[in-house]
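Let me begin by presenting the structure, written as structure tokens, before commenting on it.
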There are 2 protein chains.
Amino acid sequence: MISIKEVTKQTGVTVRTMRYYDQIGLLHPAGKTEGGHRLYGEKEMKKLQEIQFLKTIGFSLQEISEMIADENHDWFTGLKKQLGYVSKEKERLAQIEGTLRGLINEIMLNGNIDLFSVQKLIQLYQQNMDKREGYLNQIFNEEESKLLQNLPNINRDDPETLEWIALIAQLKKHMSKGISAPEIQRLIKRMYEKEQETFGDNKEFVEKIWDIRKSPQKSESAGFYPIDAETLDFFEKAYEFYVNKKSNF
Amino acid sequence: MISIKEVTKQTGVTVRTMRYYDQIGLLHPAGKTEGGHRLYGEKEMKKLQEIQFLKTIGFSLQEISEMIADENHDWFTGLKKQLGYVSKEKERLAQIEGTLRGLINEIMLNGNIDLFSVQKLIQLYQQNMDKREGYLNQIFNEEESKLLQNLPNINRDDPETLEWIALIAQLKKHMSKGISAPEIQRLIKRMYEKEQETFGDNKEFVEKIWDIRKSPQKSESAGFYPIDAETLDFFEKAYEFYVNKKSNF
DNA sequence: TATACAAAATGACGTAACGTCAATTTCAAG
DNA sequence: CTTGAAATTGACGTTACGTCATTTTGTATA
């Protein structure tokens, strides 16, 4: 028989917890001293460990209570049910994670972070996909729609998308140095190569996308991530500069 | 001005919820009728939608209250913190999922499903977990951790870092195509150029960083983006291939 | 305009699993 | 026998509402 202090030392649970388990009838002490102090035995320690384990895999004390009490409990069904619940929860969190990444990426690109812009972003996020898809289908033909699937979707941590965001963010960072600065031209070169890599010869498609990007309203309708006008303008000029220089060789 | 019933119809929240939000000062009605019935306006509806959205991404009402009240709230930091929390939770659930699957499999194999056998399985699982933890604690010594903390740590929001991550992720994605594949060599080329750009002549520093990267544990302690051994190995080979080819011209 | 019935209001208790006081009592050592 | 540590009970707080019970207000109809 060991004291409650010894229990807390061995298992890490608090005194309050033991008292609570006693109170709800989940785990009574083996006995008490004359003065009323709780005493626990081997059996209780084992039971406590079971409880701890079942808690880690997500069961409630209520459920644990019933499981342990029921001599012929259907563990198989219970565990499967729990698995279903856990997987669903995990899925939900994955969704949330995606949304958060999307928001963070957008804020990284936008830079300005106040209630107003976040409100706009939230609204953009809440826009239903139907509208977006409808708009896109209006502009692109089937073949191009397939290519659109390849386009980086901002709420994923897709490496392609990440690189686009990183490149644009760097462009913004060094914008003050002018379109001919070596850093800028290096970035543009990378973007040019990446564009080739992703879309190949499909010039027309690229044109259409840039057309959408140039109009903030169109961008919003299409659900593209917003790039501010200044950066876009700067990019176009730097891009032109790069292409011109290139064709001179 | 619309009635509370209309609000519930439009947004799906319950009357009780609106009453609660009023009570805790999160969202007061725009006004009341002579008899005391709550009336809501456009502004309140918008705010309610914001609240709903922030709730879906896991913020508490307390947090939401503060966010909305604070005129210049740091959304970027807040969202990143939330992302950290959410990913951790997701990770925890993934662990639980694994454990549950393990238990279910063992029960399926063992067949007999009574309290006694489940107790044995639970003990087995707990032993494994303890072992695992012991193993991890063995690897992390304090000295190493301190050294790594002192190293110039690259901030995760930095676009430069972001691009490194993106490049490595792409490398991983196309790894199956072999070191000489054009996609791979393009990526390596970019990395090479970026390395020159970022570190210039500081060879020693680069060496140090790569030394850390070669040890997954060190990388994790240092807060670097984790690269698995396979990818690292692949990168080294592809890098060598690139440098050799380059020096042949 | 009186009435009936729906809708809204307030107030209170319940939830899960303890944490955290506060006041009192018991235990173990010296 | 004293003393300080440890343990006890009791009570309230936490989150985001759900769910009664009771009373008041709004509105449509006779």
Side-chain angles (χ1 to χ4, degrees), chain A residues 1-41 44 47-68 82 85-86 89 92 96, chain B residues 1-41 44 47-68 82 85-86 89 92 96:
Chain A
M1 297 293 233
I2 57 175
S3 74
I4 204 169
K5 182 67 167 296
E6 197 54 39
V7 175
T8 67
K9 269 189 199 164
Q10 284 181 30
T11 62
V13 304
T14 67
V15 173
R16 179 67 176 94
T17 298
M18 294 309 294
R19 212 159 72 70
Y20 181 64
Y21 288 175
D22 186 8
Q23 187 188 325
I24 65 173
L26 176 58
L27 178 58
H28 293 303
K32 289 198 175 188
T33 68
E34 216 178 311
H37 286 198
R38 293 174 178 79
L39 294 172
Y40 295 88
E44 283 72 29
K47 192 167 168 185
L48 181 54
Q49 282 186 354
E50 279 169 43
I51 292 169
Q52 295 285 95
F53 176 74
L54 292 172
K55 233 162 56 86
T56 66
I57 57 179
F59 287 107
S60 72
L61 295 188
Q62 175 69 33
E63 289 166 325
I64 293 171
S65 213
E66 288 163 11
M67 286 170 173
I68 294 179
Q82 185 65 9
Y85 169 71
V86 168
E89 263 304 284
R92 194 177 66 87
I96 292 175
Chain B
M1 297 292 230
I2 59 175
S3 74
I4 204 169
K5 182 67 168 296
E6 197 54 39
V7 175
T8 68
K9 269 190 200 163
Q10 284 181 30
T11 63
V13 304
T14 67
V15 174
R16 179 68 176 92
T17 299
M18 295 309 292
R19 215 159 70 70
Y20 181 64
Y21 288 175
D22 186 9
Q23 186 188 325
I24 65 172
L26 176 59
L27 179 59
H28 293 302
K32 292 198 174 187
T33 68
E34 215 178 312
H37 287 198
R38 293 175 177 79
L39 295 172
Y40 295 88
E44 282 73 29
K47 193 167 168 185
L48 180 56
Q49 283 186 352
E50 278 169 43
I51 292 168
Q52 295 285 95
F53 177 74
L54 292 172
K55 232 160 58 84
T56 66
I57 56 179
F59 287 107
S60 71
L61 295 187
Q62 175 68 33
E63 289 166 325
I64 293 172
S65 212
E66 287 162 11
M67 285 170 172
I68 293 180
Q82 186 66 9
Y85 170 70
V86 168
E89 264 304 285
R92 194 177 66 86
I96 291 175

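Keep in mind the model is a prediction, meaning the values are calculated, not measured. Note on naming: letters A, B, ... go to the chains in the order of the sequence lines (proteins, then strands), and numbering restarts at 1 for each one.
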With a 4.0 Å cutoff (strictly under), does any side-chain N or O of [X] reach OP1 or OP2 of [N]?
| X | N | answer |
| --- | --- | --- |
| B/T17 | D/dA16 | no |
| A/K32 | C/dT25 | no |
| A/R38 | C/dC27 | no |
| B/K55 | D/dC17 | yes |
| A/Y21 | C/dC18 | yes |
| B/S3 | C/dA7 | no |

What is the separation between atom [atom1] on [X] and atom [atom2] on [N], rounded to the nearest whole Å?
| X | N | atom1 | atom2 | result |
| --- | --- | --- | --- | --- |
| B/R16 | D/dT15 | CZ | P | 15 Å |
| A/Y20 | D/dC12 | OH | C1' | 15 Å |
| B/I64 | D/dT15 | CD1 | P | 13 Å |
| B/I4 | C/dA8 | CD1 | P | 7 Å |
| A/L27 | C/dA17 | CG | P | 15 Å |
| A/L54 | C/dA17 | CG | C1' | 16 Å |
| A/M18 | D/dT8 | CE | C1' | 15 Å |
| A/H37 | C/dA28 | NE2 | P | 9 Å |

Closest-nucleotide ordering on DNA chain C, the 5'-leading residue of A/T14 and A/E34
A/T14
Could you give me the CA-CA distance, side-chain angles and deciding distance for B/I4 and B/H37, then say whether side chain to side chain contact (heavy atoms under 4.5 Å, CB included) is met?
CA-CA 8 Å; B/I4 204 169; B/H37 287 198; over 6 Å; no
Report which part of the nucleic acid B/R19 touches: base, sugar-phosphate, or nothing (heavy-atom distance under 4.0 Å, all strands).
base
Regarding A/I24, tell me which of base, sugar-phosphate or nothing describes its non-hydrogen contacts under 4.0 Å with the strands shown.
nothing
Begin with the C-alpha distance, continue with both residues' side-chain angles, and end with the deciding distance and a verdict on salt bridge (Lys or Arg N to Asp or Glu O under 4.0 Å) for B/R92 and B/E89.
CA-CA 5 Å; B/R92 194 177 66 86; B/E89 264 304 285; 3.0 Å; yes
About how many Å separate NZ of A/K47 and CD1 of A/I64, when rounded to the nearest 0.5 Å?
11.0 Å
Check against side chain to side chain contact (heavy atoms under 4.5 Å, CB included), B/I2 and B/Q10:
CA-CA 11 Å; B/I2 59 175; B/Q10 284 181 30; 4.1 Å; yes
Counting C-beta onward and ignoring hydrogens, is there a side-chain heavy-atom pair between B/L48 and B/Y21 closer than 4.5 Å?
yes
Between B/L61 and B/G36, name the one whose nearest nucleotide on DNA chain D is closer to the 5' end.
B/L61
What's the closest nucleotide to the A/K5 side chain, out of C/dT10, D/dA7, C/dG19?
D/dA7
